[in-house]
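To find a chain, count down the sequence lines: A is the first, B the second, and so on, and within it residues start at 1.
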Amino acid sequence: MAKKLTPRSQDFSQWYNQLIQEADLAEHSPVKGCMVIKPYGYAIWEQMQSTLDKMFKETGHVNAYFPLFIPKSFLSKEAQHVEGFAKECAVVTHYRLKNSPDNKGVVIDPEAKLEEELIIRPTSETIIWSTYKNWVQSYRDLPLLINQWANVVRWEMRTRIFLRTAEFLWQEGHTAHATQEEAIQETLKMLDVYFTFAEQYMALPVIKGVKTQNERFAGAVETYCIEAIMQDGKALQAGTSHFLGQNFPKAFDVKFLTKENKWEYAWATSWGVSTRLVGALIMAHSDDEGLILPPQLAPYQVVIIPIHKSEQEYQKVTQQCEAIAQELKKVNIRYKIDARKEHTPGWKYAEYELKGVPLRIAIGPRDVENNTIEIARRDTKTKQVISTDNLIHIIQNLLQDVQDSIYQKALHFRNSMTTRVDNFKDFESVLNDKGGFIEAHWDGTTETELKIKELTKATIRCIPLDSPQEEGRCVYSGKKSTQRVLFALNY
RNA sequence: CGGGAUGUGGCGCAGCCCGGUAGCGCACUUGCUUGGGGUGCAAGAGGUCGUGGGUUCAAAUCCCGCCAUCCCGACCA
């Protein structure tokens, strides 16, 4: 092996950065915090997109597109919201450039100053609710179930490729409902969609929970989330779903007439996941040899590599590769044949391991004669020679097996990295020595939460939805508590 | 946005302390060779030394500003 990644155990973030570079996922752009998503990285995002998009549509949502630019004044209509985002907004002030007087470039044309500055959306609640105002008049117009795929900009001080970039891609759902109950149901329904997507497609075990007041989305009444643990023991928020109450409808005056002919404000939700999920996928499953992708999201589920010496062998072997590919195609398995002559098979093995392709098929002259193939799993690095009889069935099973076993592996890891703690000394030592999720009692106050954060850098990732009621004492203050919450260091 | 480190061909690095006109490995091109775990040999091509100033006869090298990346902190998906 010529190329070696820095081992995870030695330097996790260096491993992460190198993996992204070597697997050809993304690279930095000249602007701080921005990334170029390269074709292979984007292909993973496209898999996520198409899966989620289908799930959104199955739950009754439709796509639309709202503009990138938001009038500055819109942002300030919801008090909490502006406070949350003001510090990280990019602002457009002019609409024209001109040649500089010394002819050495371009300068902003001072004549072309905008009357009202435009914010580049950090999220679209304001522009969307200002639009919904015109769309909602009667209870018959509700619910409004709209999603958009878009880019947003948040001017981050400290960036990390995929996990926190200044510009990122995401989807944001924005729904309007006639009743509070329906909006809450929608919020939870979409949380479930994210949960299913994470668990079944990303093979990523996640905890459903609700955010504390302190961690809540600016402008939300309640923020729900799914939280995952990464291989270095840090938590990552993988998706959020907000019940927005009537905050935005009131700020933007979105009212409707009920059956009883009375005016009421609509009830709102919003929910989103972003390209951050690509980072989550990398950090959850991959190893020191490279990426490990769950078959459900891998751009190629199977790579086929012909092995040959003479031209005659090449013809024979690639013909067999093509025949098998046709079978894969029939059952919608995503595949790639790499018949390039400029690289040896060994080189290609290493390459596709780096890129995390779940299954690798190698076919050589001996295989053609014997009607066999060699098939190797990326996750376990095991390989076997099997007959081409019943091949598709075996591959389908293997793909399912890889999907299941990387999920199980991640689940075992999370379980082993979840520690129940009942005093602050243990809290600190577990956090320092081991990391991961800490289940502990908390007295419910922001004051205690902030104090713990100040002392340990750990935050409350969520109050798990399925966490049982249990009498206890706050791990920090010793005050009474009825439920454990999840603490962790986080991305 | 504060503290620290770094920036030399696509990638990884040496050269900088002690100024004299840029080198190594991988990758790339061509040819032969090899091909079931990153083949081997030979010949080639490729660099505004992040960027803008300054010092100097002369700057990758010394000084200052800026930009970006990485790590730490404050902030945040």
Exercise for review: Establish whether the base of G37(B) is bridged to the side chain of Lys383(A) by a donor-acceptor pair shorter than 3.5 Å.
Suggested key: yes
Tell me which donor-acceptor pairs under 3.5 Å the side chains of residues 446-454 of chain A have, and how far apart each pair is, sequence neighbours excluded?
| residue | atom | partner | partner atom | Å |
| --- | --- | --- | --- | --- |
| Thr448(A) | OG1 | Asp443(A) | OD1 | 3.2 |
| Thr448(A) | OG1 | Asp443(A) | OD2 | 2.7 |
| Thr448(A) | OG1 | Thr445(A) | OG1 | 2.9 |
| Glu449(A) | OE1 | Thr212(A) | OG1 | 3.3 |
| Glu449(A) | OE2 | Thr212(A) | OG1 | 2.7 |

Point to revise | Whole-angstrom distance between G9(B) and C24(B), as gauged at atom P | key: 15 Å
Review point. Quick one: are the ring centres of Phe56(A) and Trp271(A) less than 6.0 Å apart?
Key: yes
Check your understanding: Lys32(A) side chain N/O closer than 4.0 Å to the phosphate oxygens (OP1, OP2) of U69(B)?
Key -> yes
Check your understanding: Sequence neighbours excluded, which residues qualify as salt bridge (charged side-chain N to carboxylate O under 4.0 Å, His left out) partners of Glu27(A)?
Key -> Lys38(A)
Review point. For Gly33(A), which contact category applies under a 4.0 Å heavy-atom criterion: base, sugar-phosphate, or nothing?
Key: sugar-phosphate
Check your understanding: Under a 3.5 Å cut-off for both distances, is C76(B) Watson-Crick or wobble paired, and to whom?
Key -> none
Review point. Between Tyr349(A) and Arg360(A), is there a cation-pi geometry (under 6.0 Å to ring centre, at most 45° from the normal)?
Key: yes
Check your understanding: Given atom CD of Glu27(A) and atom P of U69(B), what is their separation to the nearest angstrom?
Key -> 13 Å
**Study point:** Any donor-acceptor N or O pair under 3.5 Å, side chains Asp53(A), Asn63(A)
**Key:** yes
Review point. C1' atom, G7(B) versus A77(B): distance in rounded Å?
Key: 30 Å
Review point. Checking all strands, does Lys348(A) fall into the base, sugar-phosphate, or nothing category for heavy-atom contacts under 4.0 angstrom?
Key: nothing
Review point. If you look at every strand shown and take non-hydrogen atoms under 4.0 Å, does Arg360(A) touch a base, only sugar-phosphate, or nothing?
Key: base
Practice item. Can you tell me, in whole Å, how much space there is between the P of C67(B) and that of C57(B)? Key: 32 Å
Exercise for review: Treat primed atoms plus P, OP1 and OP2 as sugar-phosphate and everything else as base, then score nucleotides 70-77 of chain B 5' to 3': B for base contact with protein heavy atoms under 4.0 Å, S for sugar-phosphate contact only, - for none.
Suggested key: SSBBB-BB
Exercise for review: With sequence neighbours excluded, give me every ring-ring contact (aromatic ring centres under 6.0 Å, His included) pair touching residues 277-299 of chain A.
Suggested key: none
Review point. Which residues pass the side chain to side chain contact (heavy atoms under 4.5 Å, CB included) test with Lys341(A), sequence neighbours left out?
Key: His308(A), Glu311(A), Tyr314(A)
Check your understanding: Quick one: are the ring centres of Tyr194(A) and Phe197(A) less than 6.0 Å apart?
Key -> no
Practice item. Using whole Å, report how far CH2 of Trp155(A) lies from P of C1(B). Key: 10 Å
Review point. What integer number of Å spans the C1' atoms of C17(B) and C63(B)?
Key: 15 Å
Point to revise | Separation of C26(B) P from Gln18(A) CD (nearest whole Å) | key: 19 Å
Review point. Using the P atom in both, what is the distance from U6(B) to A45(B), to the nearest Å?
Key: 34 Å
Revision key, fill the gap. Of His343(A) and Ala376(A), the one whose nearest nucleotide on RNA chain B sits closer to the 5' end is His343(A)
Point to revise | Gap between atoms CG and P, on Leu5(A) and G12(B) respectively (whole Å) | key: 13 Å
Practice item. For the residue pair Tyr300(A) and Tyr40(A), categorise the inter-ring angle as parallel (less than 30°), tilted (30 to 60°) or perpendicular (more than 60°). Key: parallel
Check your understanding: Which part of the nucleic acid does Pro30(A) contact within heavy-atom distance under 4.0 Å: base, sugar-phosphate only, or nothing?
Key -> sugar-phosphate
Study note, to complete from the structure: Taking a pair to mean Watson-Crick or G-U wobble geometry with both distances below 3.5 Å, A5(B) pairs with U69(B)
Check your understanding: In the strands shown, is U21(B) matched to any nucleotide by a Watson-Crick or G-U wobble pair with both distances under 3.5 Å, and which?
Key -> none
Mind listing the side-chain donor-acceptor pairs of residues 217-235 of chain A below 3.5 Å, one per line with the distance, residues two or more places apart or on another chain?
| residue | atom | partner | partner atom | Å |
| --- | --- | --- | --- | --- |
| Glu222(A) | OE1 | Arg216(A) | NH2 | 3.4 |
| Thr223(A) | OG1 | Phe217(A) | N | 3.0 |
| Thr223(A) | OG1 | His242(A) | ND1 | 2.9 |
| Glu227(A) | OE1 | Arg461(A) | NE | 3.4 |
| Glu227(A) | OE2 | Lys211(A) | NZ | 2.7 |
| Gln231(A) | OE1 | Arg8(A) | NH1 | 2.6 |
| Gln231(A) | NE2 | Met283(A) | O | 3.2 |
| Gln231(A) | NE2 | Ala284(A) | O | 3.4 |
| Gln231(A) | NE2 | Ser286(A) | O | 2.7 |
| Asp232(A) | OD1 | Lys234(A) | N | 3.2 |
| Asp232(A) | OD2 | Tyr491(A) | OH | 2.5 |

Revision key, fill the gap. Sequence neighbours excluded, the answer for side chain to side chain contact (heavy atoms under 4.5 Å, CB included) partners of Asn99(A) is Asn103(A), Val106(A)
Point to revise | All ring pair (Phe, Tyr, Trp, His ring centres under 6.0 Å) counterparts of Trp15(A), not counting sequence neighbours | key: Phe12(A)
Revision key, fill the gap. Rounded to whole Å, the CE-P distance (Met35(A) to U69(B)) equals 13 Å
Check your understanding: Please give, in whole Å, the distance from G38(B) P to Tyr349(A) OH?
Key -> 10 Å
Practice item. Between A14(B) and C49(B), how far apart are the C1' atoms? Round to whole Å, please. Key: 13 Å
Review point. Of all residues at least two apart in sequence or in a different chain, which pass the side chain to side chain contact (heavy atoms under 4.5 Å, CB included) check with Lys309(A)?
Key: Glu313(A)
Review point. How would nucleotides 43-51 of chain B be written as a contact map, 5' to 3', with B for base contact, S for sugar-phosphate-only contact and - for no contact, using protein heavy atoms under 4.0 Å?
Key: ---------
Review point. Expressed as a whole number of Å, how far does the C1' atom of U51(B) sit from that of C71(B)?
Key: 23 Å
Extract from the structure each pairing of a protein N or O with an N or O of nucleotides 3-11 of chain B at less than 3.5 Å, listing the distance.
| residue | atom | partner | partner atom | Å |
| --- | --- | --- | --- | --- |
| C11(B) | O3' | Gln21(A) | NE2 | 3.4 |

Exercise for review: For U34(B) and G50(B), measure between their C1' atoms and round to the nearest Å.
Suggested key: 41 Å
Review point. With both distances under 3.5 angstrom, what nucleotide forms a Watson-Crick or G-U wobble pair with U29(B)?
Key: A43(B)
Practice item. Taking side chain to side chain contact (heavy atoms under 4.5 Å, CB included) as the test, write out the residues that go with Ser130(A), two or more places apart. Key: Phe74(A), Ile127(A), Phe252(A)
